Novice: 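Here's a structure for you.
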Amino acid sequence: PLDTTIPDPSVVCLIGASGSGKSTWASTWPATQILELDAFRAMVSDDAGCQEATADAVFALQAVLEARLARRRMTIVDGTNSEKSVRAGLVATARRYGMPTVALVVPTPLPVCVERQSSRPRSRRVPEHVVRAQHAATAGAVSGLPAEGFDHVVVADNLGRLLPFLQRLSG
Ligand code: CTP
Ligand code: MG
């Protein structure tokens, strides 16, 4: 059967290409529980799309993540997370704090992810070749996510309108 389990608390790692709808899914949770990499880029550089700021943004996000995990607070990591090394870091951090991990995959078709870029302000637009690479990396990663150490691998499409209900049950 499909895994739709998202324990509370847990660390939810969103995985999907730009434009797949990760932040839209993240917004199902209270704003204070969402650590969005773009928001940390903006906090350190005033520019959410500033790629040069990524290392500092990751450093700041990691600090907040650990502060939350030390308090056993539900935390949603909203970034592309399409690289295995990035996911490995999140799983290792969650493990150190004894928190369960959820990979929440957002499998929106590539043409939809690409089309959604065109309605964004120029500074927030991700080039098509990058979206394509993120999409391929996401598709290629799904079957390996349990072996990467995620306790639950949930495909967002399977949650549908159930999510708010599931959260109420676990909350
Ligand atoms: N969107 C939509 N229907 C959905 C999900 C998203 O129409 N079911 C729209 C959103 O309104 C938004 C766009 O698709 O305008 C991209 O969604 P977003 O959540 O911002 O995508 P992310 O995956 O967060 O993209 P990024 O990695 O660039 O932050
Ligand atoms: Mg987003």
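What you see is a predicted model, and the numbers here were worked out from it, not measured in a lab. As the structure lists them, so they are numbered: ligands from 1, and atoms in each ligand from 1. When reading the values below, keep in mind they use all heavy atoms of this one structure, side chains included, and skip hydrogens, waters and symmetry mates.
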Novice: Quick check: Thr24 and ligand 1, any N/O pair under 3.5 Å apart?
Specialist: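 Looking only at distances, the answer is yes, because the N/O contact criterion of under 3.5 Å is met.
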Novice: Measure from atom 21 (O) of ligand 1 to the protein's non-hydrogen atoms and state whether any distance is below 4.0 Å.
Specialist: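 For atom 21 (O) of ligand 1 the answer is yes, since some protein heavy atom falls inside 4.0 Å.
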Novice: So, for Glu36 and Ser23, which heavy atoms are closest and what is the spacing to 0.1 Å?
Specialist: OE2-OG, 3.4 Å
Novice: By number and element, which atoms of ligand 1 are closer than 4.0 Å to a non-hydrogen atom of Arg124?
Specialist: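 Those qualifying, in numeric order: 29 (O).
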Novice: On a heavy-atom basis, which atom in Leu104 and which in Val155 lie closest, and how many Å separate them?
Specialist: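 It is CD1-C, 4.5 Å.
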Novice: Any ion pair linking Arg96 and Glu66 (charged N to carboxylate O, less than 4.0 Å)?
Specialist: yes
Novice: Mind checking the CH2-OG1 spacing from Trp25 to Thr108? Nearest 0.5 Å is all I need.
Specialist: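 Taking CH2 in Trp25 and OG1 in Thr108, the distance rounds to 9.5 Å.
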Novice: Indicate if the distance from the Mg ion (ligand 2) to the nearest N, O or S atom of Ser23 falls below 2.8 Å.
Specialist: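 Checking the Mg ion (ligand 2) against Ser23, an N, O or S atom does fall under 2.8 Å.
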Novice: Would you say atom 12 (C) of ligand 1 has a protein heavy atom nearer than 4.0 Å?
Specialist: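 Within 4.0 Å of atom 12 (C) of ligand 1, no protein heavy atoms are found.
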Novice: Please confirm whether Gly19 comes under 4.0 Å of ligand 1, counting heavy atoms of the residue only.
Specialist: yes
Novice: Roughly how far apart are Ser10 OG and Met74 CE, rounded to 0.5 Å?
Specialist: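 Result: 3.5 Å between the selected atoms.
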Novice: Find all atoms of ligand 1 within a distance of less than 4.0 Å from any non-hydrogen atom belonging to Ser23, and give their numbers and elements.
Specialist: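 Those atoms are 19 (O), 22 (P), 24 (O), 29 (O).
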Novice: May I ask you to identify, for Arg116, whether its side chain, its backbone, both or neither come under 4.0 Å of ligand 1 on a heavy-atom basis?
Specialist: side chain
Novice: Quick one: look up the protein heavy atom nearest atom 27 (O) of ligand 1 and list residue, atom name and how far away it is.
Specialist: Lys22 NZ, 2.7 Å
Novice: State whether Glu83 and Arg87 are salt-bridged, where the test is any N-O pair (Lys NZ or Arg NE/NH1/NH2 against Asp/Glu carboxylate O) under 4.0 Å.
Specialist: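 No salt bridge links Glu83 with Arg87.
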Novice: Measuring from non-hydrogen atoms of Glu36 to any atom of ligand 1, is the shortest distance under 4.0 Å?
Specialist: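 So Glu36 does not count as touching ligand 1.
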Novice: Has the side chain of Arg95 got a donor or acceptor atom that lies under 3.5 Å from a matching backbone atom of Leu90?
Specialist: no
Novice: Is Arg41 paired with Asp56 through a side-chain N to carboxylate O contact shorter than 4.0 Å?
Specialist: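 No salt bridge links Asp56 with Arg41.
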Novice: Can you name the atoms of ligand 1, numbered from 1 with element, that are less than 4.0 Å from a heavy atom of Ala17?
Specialist: 23 (O)
Novice: Please confirm whether Arg120 comes under 4.0 Å of ligand 1, counting heavy atoms of the residue only.
Specialist: yes
